[in-house]
2 protein chains.
Amino acid sequence: MRFHSPSIQYFHAVRRTGSIRAAARLLNVASSAVSRQILKLEQEVGSPLFERTARGLTLTTVGEMLARHVMNVLQDLDRFRSDVASLSGAWHGTVSIACIESLTESVLPDLIASHRGRARRVNFTTEVMGSSDVLEALRRGEADIGIAIALRHPPDLRQVALKRFRLGALVAREHPLARRKTVTLEQCLAFPVIHALPELSIYHLLQPLIAQLSETPEPAIQANSIDLMRELAARGVGVAFQTQLGIGRLSRDAQLVFLPLDNAGSPVWSDLGIYVRAERTLPDFTESFLQELVRELGERERRENAAYPQVV
Amino acid sequence: MRFHSPSIQYFHAVRRTGSIRAAARLLNVASSAVSRQILKLEQEVGSPLFERTARGLTLTTVGEMLARHVMNVLQDLDRFRSDVASLSGAWHGTVSIACIESLTESVLPDLIASHRGRARRVNFTTEVMGSSDVLEALRRGEADIGIAIALRHPPDLRQVALKRFRLGALVAREHPLARRKTVTLEQCLAFPVIHALPELSIYHLLQPLIAQLSETPEPAIQANSIDLMRELAARGVGVAFQTQLGIGRLSRDAQLVFLPLDNAGSPVWSDLGIYVRAERTLPDFTESFLQELVRELGERERRENAAYPQVV
DNA sequence: TATAGCTGTTGCCGAAACGGCAGCAACATG
DNA sequence: CATGTTGCTGCCGTTTCGGCAACAGCTATA
């Protein structure tokens, strides 16, 4: 089932590893073979595809164009393979997901578990990273489905869905704020605060709001782990901020209380986008999972916004 | 610039010609070479790609899947080539168009002429055919852009735009109806009628309306050429039916009069769709022409519907 | 500054793949 | 029945591919 010329595959490996020798190790061939295929390819195209540095290879402009083409080819080959496989009733393949941390608590594990319950031979690869890295991973063809805070996405990505969740404060059950229905940012800042570091997207959601306030006290704790922030809040160390999506079902251990955040009378939204490479048709098992993901996130969006209706 | 394995190209040629020997002639190689590549391909995929008959080869289900993949690959290769070419400022390539006859009178010649005035090295291939053949030609990768009466289009095609034009009656200047602003079908049927044959889409637009009438006189003339029908109407032989798009600028020779058709007080629309293969990114010069086409058809839609406003 | 470790590239040579030629059997057409 | 078509298959020369070892260029470290 490998009917594409070696040049294509070698080029792809070199682009991913950034080195001919590393690509050769990956492909289990001699580095000279890889080098020659790249040289031949550059001769065919009539222009260098890589810039040679002492520490490896970097794509040129033409190289990036070819990379796009090769990615389209290889990803479409995957789809073809899955088409043929599903013809004989066998659904198998790997769904590769890049997402932000908020999803790991319950959305993804629940979905993957239930999906694997029905389709045992569909495997999953999930990698957690920052929002902009998610988009980059998709562009580089390292993931099939991306879930990230909805930034302005590049034109070669397609936003499959956009779901919005309320941002809220997370406090321990015994916290003075815990009995309120909603809280404002000012009310939270009267207490010790566990703040996200800039590498988390919550930082960029809250920062402009905090900047508007007259007083901006020092955050008691700064962290880049949602898990850590949640556990700290549960121990009463301070007030953390999250979408409910990121903290999972609170009912499991009722140590934590989620309080929707109000800013000037209106909710603070966190927009979650689901992304896919635009120039691509997904294999059917990937498409199927994607649909479930969109449905599930839509369901959660509905449920949570019903549980904490907007204050008018 | 031919860095894809011969199997791919040979398979593509065999699919198009429906014969190994014909493909070999097309490719300037021995038929045995083609035969072997196909056999090798079938071994790789693990399933026959063609059904062998005494008169050639027909695609199997798996073969059709591979055909889709190969088409995606080769069309994306074209796009890559054009990307590289446009990097050095040279816009060249061929835009292939499949369309119905209505476009040949003025829309397409005007557009192509003006486009070539600006981009000399962009060539055009246009083929006129029926609406359903247009969609089929796109699916088979024999055309880049398709223009057809908007039917239900298959999911592997993308409807880029949908423009509606009023259907009208076409009569000679001396015809008794010529001085009216609009006409109804009944009024037309009182005179000799030049009717389209079923292979033209006008037939399918008018047939349901005619069927509703109590009396349905025999058509005086039936034809499958829009040109012929127009010339007959100009000679006063009878009443023909067309969208104004299909008859061009009447001002050139004022022998003909266009009378918008009314049916039960509302206009009769002819929906024109512009189509493109869904799984595909167009080369930039093709995309550029496509945008002009959409804009021009939108402009004509606006102008004509302003010239013959809807009767309320 | 010298050394060790990395990079990509190149000659050489055996192995694998490709392609052309001619001939085969099977089928359709006259 | 003869003729033309189809796809397929040995045989064989040519081309391409890949592995080994050596080379030059660069970087980091001692």
Side-chain angles (χ1 to χ4, degrees), chain A residues 1-64 66-67 70 73-74 77, chain B residues 1-64 66-67 70 73-74 77:
Chain A
M1 191 76 96
R2 48 188 324 173
F3 37 72
H4 283 291
S5 53
S7 355
I8 299 283
Q9 331 231 18
Y10 289 9
F11 174 83
H12 189 232
V14 171
R15 180 195 63 88
R16 281 190 299 166
T17 58
S19 149
I20 286 190
R21 286 187 122 98
R25 282 192 294 272
L26 192 70
L27 297 162
N28 287 319
V29 290
S31 65
S32 59
V34 178
S35 174
R36 265 189 270 261
Q37 291 293 345
I38 300 296
L39 289 172
K40 194 190 105 191
L41 213 47
E42 290 180 322
Q43 197 179 354
E44 294 267 10
V45 175
S47 158
L49 300 171
F50 294 98
E51 273 170 9
R52 272 74 169 176
T53 71
R55 234 205 286 295
L57 287 78
T58 322
L59 283 173
T60 62
T61 308
V62 179
E64 279 177 7
L66 183 61
V70 168
V73 169
L74 294 182
L77 175 63
Chain B
M1 192 77 95
R2 49 189 323 174
F3 38 73
H4 282 290
S5 52
S7 354
I8 299 284
Q9 331 230 20
Y10 289 10
F11 173 83
H12 189 231
V14 171
R15 180 194 65 88
R16 282 189 300 167
T17 58
S19 147
I20 287 190
R21 286 185 124 101
R25 282 192 294 272
L26 193 71
L27 297 162
N28 286 319
V29 290
S31 65
S32 58
V34 178
S35 174
R36 265 189 271 262
Q37 290 293 346
I38 299 297
L39 289 172
K40 194 189 108 193
L41 215 46
E42 291 181 321
Q43 197 179 352
E44 294 267 12
V45 175
S47 158
L49 300 171
F50 294 97
E51 273 170 9
R52 272 74 169 176
T53 72
R55 233 204 287 295
L57 287 78
T58 322
L59 284 173
T60 63
T61 309
V62 179
E64 279 177 7
L66 183 61
V70 168
V73 169
L74 294 181
L77 175 64

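Basis for what follows: all heavy atoms, side chains included, without hydrogens, waters or symmetry-related copies. Chain letters run A, B, ... following the sequence lines, proteins first and then strands; every chain starts at 1.
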Between atom [atom1] in [X] and atom [atom2] in [N], what is the gap in whole Å?
X: B/Q43; N: C/dA17; atom1: CD; atom2: P; value: 11 Å
X: B/K40; N: C/dA17; atom1: NZ; atom2: C1'; value: 8 Å
X: B/R21; N: C/dC21; atom1: CZ; atom2: P; value: 13 Å

Side chain of A/R25 (C-beta onward), nearest among C/dG19, C/dA28, C/dT7: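 Taking heavy atoms from C-beta onward, the closest nucleotide is C/dT7.
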Would you say B/E42's side chain and B/P48's backbone share a donor-acceptor pair under 3.5 angstrom? no
Scan [X] against the nucleic acid and name what it touches under 4.0 Å (heavy atoms): base, sugar-phosphate only, or nothing.
X: A/L39; value: sugar-phosphate
X: A/S19; value: sugar-phosphate
X: A/L57; value: sugar-phosphate
X: B/Y10; value: sugar-phosphate

Using heavy-atom distances to pick each residue's nearest nucleotide on DNA chain D, tell me which of A/R55 and A/A30 is more 5'. A/A30
Under-3.5 Å N/O pairs linking protein and nucleotides 11-16 of chain C:
from: C/dG11; atom 1: O6; to: A/R36; atom 2: NH2; distance (Å): 3.2

Short side-chain N/O contact to C/dA17 OP1/OP2 from B/Q37, under 4.0 Å: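 No.
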Looking at A/R52, I'd like to know whether one of its side-chain N or O atoms comes within less than 4.0 Å of OP1 or OP2 on C/dT9. yes
Got a sec, which pairs hit salt bridge (Lys or Arg N to Asp or Glu O under 4.0 Å) with one end in residues 12-26 of chain A, sequence neighbours left out?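 For residues 12-26 of chain A, and leaving out neighbouring residues, there are no salt bridge (Lys or Arg N to Asp or Glu O under 4.0 Å) pairs at all.
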Give the first and the last nucleotide of DNA chain D, reading 5' to 3', that has any atom under 4.0 Å from a heavy atom of chain A. D/dC17 to D/dA28
